[in-house]
Amino acid sequence: MNKKVKLRSLLIGGVFTLLFVALVGRLYWVQVVDGKELRAEAQKKWEKEEVLRPVRGMINDRNDKVLAEDAPAFTLALNPKIIQSKHLEVTVAKRLADLLKTSDDPASIAALEEKILSRLTKQYSVTNPQVEIRNEGWKIDAEVAEQIKLLVEELKKQANTNNVGISLLKETKRFYPGGKLASHILGYSDKEGNPIMGLEYKFDEALKGIPGSLMYEKDRTGVELPDSKVTYQPAIDGNNVRLTIDKNIQFYIESALEKVYDQYRPKSITAIAADPKTMEILGMASLPNFNPNKYWESKNQSDFFNNAIGSQYEPGSTFKLVTLAGAVEEGIFNPNDTFMSGSIQVPGNRLHDHNIVGWGPISYLDGLKRSSNVAFVKLGYEKLGKDKLVQYIDKFGFAAKTGIDLPGEVAGMVRLRNPVEYATATYGQGLTATSIQQTAAYAAIANGGKLMWPHIVKEIYNPKTKEVIQSFEPKVIRQVVSEATAKQVSGYLEQVVSDQAIGTGKKAAIEGYRVAGKTGTANKVEPGGKGYAEGKWVISFIGYAPVEDPRILVTIIADEPDLGGDYHRGSEVAPPAFKEIVSQTLRYMGVPSSTQQTKAPEKEIKATVPDLIGQTVEQAKTTMNKYGIAVEAIGKGPKITAQSPAPGTEIGTTQRIYLTMQDTGGDPTVPDLTGKSLRDALEVCSFLKVKCQSNGEGYVASQTVATEGDVKVVTLQLKPYSELIQTPTGDTAASKSDNKPPAKTSDGAKTTDTSGKKGTTTTR
């Protein structure tokens with residue numbers, strides 16, 4: 001018995017010993033052999049790491065108006081099991097489809113409803129499935145999210161529950177406040193946050209920032225453990241990019257282009273506005289375009305194409321600038337020399353003017369105004385010569401990229417091999433150029449002969465410290481012609497616009513401003529080199545103003561506008577759009593008219609206003625006459641009771657002094673302001689402490705006075721000076737004031753009445 005007990009005890013002890021050895025071995029294996037790997041796995045279970053996304057930098061215009069920024073967004077998440085349990089599948093699918101729809105097309109809405117319903121009726125193996133509706137329910141706007149929240153509350157009441165299986169997850173997305181405004185410049189970031197095109201793509205490294213992280217220990221429910229180790233690496237937000245673009249000018253451009261696009265339905269229409277002195281791009285647009293907030297709604301790839309830098313065309317007559325500038329620089333252009341227009345023979349072909357028969361013997365200046373091809377073949381091919389012509393084409397930057405800071409620029413093509421190609425190149429046929437190349441070339445004439453680097457980014461800066469990380473200054477590429485030549489060429493281009501009888505650019509003329517420019521009408525080449533296409537034209541105009549101190553240059557190119565088969569109607573397309581853009585911009589910039597600029601003396605004599613109160617009008621006039629300063633009395637009292645400007649103010653001889661002639665401090669009568677400039681009229685209103693508002697532009701044509709409560713309101717109706725002096729009233733309105741502007745003149749040209757005359761309005 002004892003032997004059996006001992007044997008059993010020994011057996012049991014052995015088993016326990018073996019178990020203990022196995023346990024120790026396993027512990028050793030787990031802790032030593034697999035310890036590192038298992039610890040790493042366990043760490044994944046109890047540690048939680050969150051990626052902290054940086055804020056993407058903003059893209060702003062030159063005045064810090066936001067063009068692109070990060071904004072709150074929401075992603076719709078559905079729990080099909082909860083929705084099924086409440087029998088809301090059909091209702092939820094129908095209501096959400098109506099809120100998330102991307103168009104009003106019934107078929108599209110029905111397809112979206114079916115898509116949502118299929119997600120809701122599917123059987124899922126997981127306990128709490130979470131389903132997203134991409135792309136319609138992914139990163140939706142706050143406005144749509146609010147509508148979904150209202151739907152949720154409605155369904156909660158309907159189903160008598162606190163959870164209907166619909167939730168909104170907070171996220172961020174890229175937002176473009178202007179919608180389609182400047183879309184080709186900005187590009188867009190898709191919903192995954194990938195930059196796709198434009199500046200978003202080009203400057204992604206500067207904009208995107210550096211992600212951060214937050215790591216801590218948690219229990220199995222995700223709650224942070226007490227005294228857990230926390231590792232925090234803050235995200236570094238992206239830098240802001242400030243552009244040379246002016247949001248207002250960009251709006252003027254796009255508004256003008258939309259009118260042309262709607263009326264003439266071209267394949268595309270492009271405009272670039274630049275400061276010719278620096279080649280900072282003030283605005284750039286191309287239609288058709290797209291809304292970067294809803295980029296997926298654009299079905300045609302052409303909507304995403306920036307024609308300003310990516311399309312090349314035969315430029316036509318706008319290219320005559322190169323030939324003209326080269327001829328002037330080489331001293332072979334005499335505007336008064338004559339030639340026989342119509343046609344000219346070159347080896348291999350006879351070339352014609354755009355009207356085939358020409359205008360008989362005319363001067364070279366008239367040849368420029370009429371855009372004669374023959375004139376430029378004689379200047380560029382015969383007089384300048386092939387080598388010099390190519391030299392100036394290269395100097396003006398054609399057949400090479402400008403290097404503008406936008407992706408997708410092409411270089412254009414210049415391959416001249418035979419006499420005909422050299423001859424036609426003088427008037428812009430047989431070679432190709434881009435809109436931005438031509439803009440830079442015309443700017444070189446406007447700014448005194450310097451070819452500048454066109455750029456659209458002004459600087460990159462830290463949004464918090466405002467420290468400038470990188471700035472982009474204007475760069476001179478080279479001097480293409482002398483300053484004297486550039487000034488002379490500007491004068492000739494001005495006459496293309498100002499000559500209302502034969503100037504092809506006359507529809508670009510702007511009242512009160514000197515405008516220089518050139519039209520272009522180029523026949524398009526058939527694909528595959530099959531010759532020129534019947535009835536397909538590229539219409540263009542490039543110009544700048546004011547000529548004496550250019551502040552803005554605008555290029556407009558319309559590809560295949562519908563001209564009803566008559567290319568002579570090309571002048572109806574680009575020049576009026578140019579006029580609209582430039583006139584609005586000059587007013588916005590506060591640029592004085594050319595007549596005002598020529599009126600102002602180079603050095604104005606200043607005088608200090610004495611105290612005139614208590615004097616008579618005659619005494620005041622005698623006092624101020626020695627300074628050449630005009631005095632104007634308001635009212636009929638015997639003595640001066642108030643004056644403006646106040647005593648001790650320093651004023652120039654172009655200003656005037658206003659005097660109140662009343663014995664009491666009562667309400668003075670508003671004098672007749674007809675014929676005054678807006679500035680002078682506003683001075684009177686300010687002096688009399690009355691509210692003043694104006695309609696129109698120019699000089700005061702009429703006025704009305706009304707009372708709003710205790711305030712007297714003067715409404716001024718303004719008209720251009722040219723209209724004002726034509727009023728059939730015997731004495732002209734402007735003659736009532738001695739501050740009228742001088743009559744507009746043209747250097748070296750006679751003033752003639754061209755009303756009712758018709759001239760050629762388009763060019764080849």
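The chain is numbered in sequence order, starting from 1.
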Using only atom types and a distance under 3.5 Å, with no angle test, would you say the side chain of [X] pairs donor to acceptor with the backbone of [Y]?
| X | Y | value |
| --- | --- | --- |
| Gln84 | Lys122 | yes |
| Asn307 | Ser311 | no |
| Asn240 | Met58 | yes |
| Trp138 | Ile133 | no |
| Gln438 | Pro315 | no |
| Ser255 | Tyr252 | no |
| Asp559 | Lys267 | no |

Using side chain to side chain donor-acceptor pair (under 3.5 Å) as the criterion, list what pairs up with [X], not counting sequence neighbours.
| X | value |
| --- | --- |
| Asn306 | none |
| Asp141 | Lys173 |
| Arg95 | Glu154 |
| Thr402 | Glu409 |

Does any part of the side chain of [Y], heavy atoms only, come nearer than 4.5 Å to the side chain of [X], both counted from C-beta?
| X | Y | value |
| --- | --- | --- |
| Tyr124 | Val131 | yes |
| Asn239 | Leu207 | no |
| Trp296 | Glu136 | no |
| Val241 | Val457 | yes |

Quiz item: Aromatic rings Tyr295 and Tyr188: how do their planes relate, parallel, tilted or perpendicular, breaks at 30° and 60°?
Solution: parallel
Distance from [X] atom [atom1] to [Y] atom [atom2], nearest 0.5 Å?
| X | Y | atom1 | atom2 | value |
| --- | --- | --- | --- | --- |
| Ser183 | Met197 | OG | CE | 7.0 Å |
| Asn135 | Ile140 | CG | CD1 | 12.5 Å |
| Ile166 | Ile82 | CD1 | CD1 | 10.5 Å |

Test item: side-chain donor near acceptor, [X] and [Y], under 3.5 Å:
| X | Y | value |
| --- | --- | --- |
| Thr434 | Gln312 | no |
| Glu143 | Gln147 | no |
| Thr270 | Ser435 | no |

Under the salt bridge (charged side-chain N to carboxylate O under 4.0 Å, His left out) test, residues paired with [X] that sit two or more places apart:
| X | answer |
| --- | --- |
| Arg478 | none |
| Asp204 | Arg56 |
| Asp70 | Arg174 |

Quiz item: Which residues pass the side-chain contact (heavy atoms from CB on, under 4.5 Å) test with Met589, sequence neighbours left out?
Solution: Ile249, Leu282, Arg551, Thr585, Val591
Quiz item: Can you pull the ring-ring contact (aromatic ring centres under 6.0 Å, His included) pairs that have at least one residue in residues 156-186, sequence neighbours excluded?
Solution: His184-Phe290
Quiz prompt | Minimum heavy-atom distance between Val468 and Tyr461, given as atom pair plus value | solution = CA-CB, 3.9 Å
Output every pair passing salt bridge (charged side-chain N to carboxylate O under 4.0 Å, His left out) with a member in [range], not counting sequence neighbours, ordered by first then second residue.
| range | result |
| --- | --- |
| residues 270-280 | Arg62-Glu280, Lys277-Asp549, Glu280-Lys458 |
| residues 294-303 | none |
| residues 96-111 | Asp98-Lys101, Lys101-Asp104 |

Quiz item: Considering residues, nucleotides and ligands other than Tyr201, do more than 12 of their heavy atoms fall under 6.0 Å from its OH?
Solution: no
Quiz prompt | NZ/NE/NH1/NH2 to OD/OE distance under 4.0 Å, Glu314 and Lys524 | solution = no
Practice problem: Please confirm whether Lys149 makes a cation-pi placement over Phe74, using NZ or CZ under 6.0 Å from the six-membered ring centre and within 45° of the ring normal. | Solution: yes
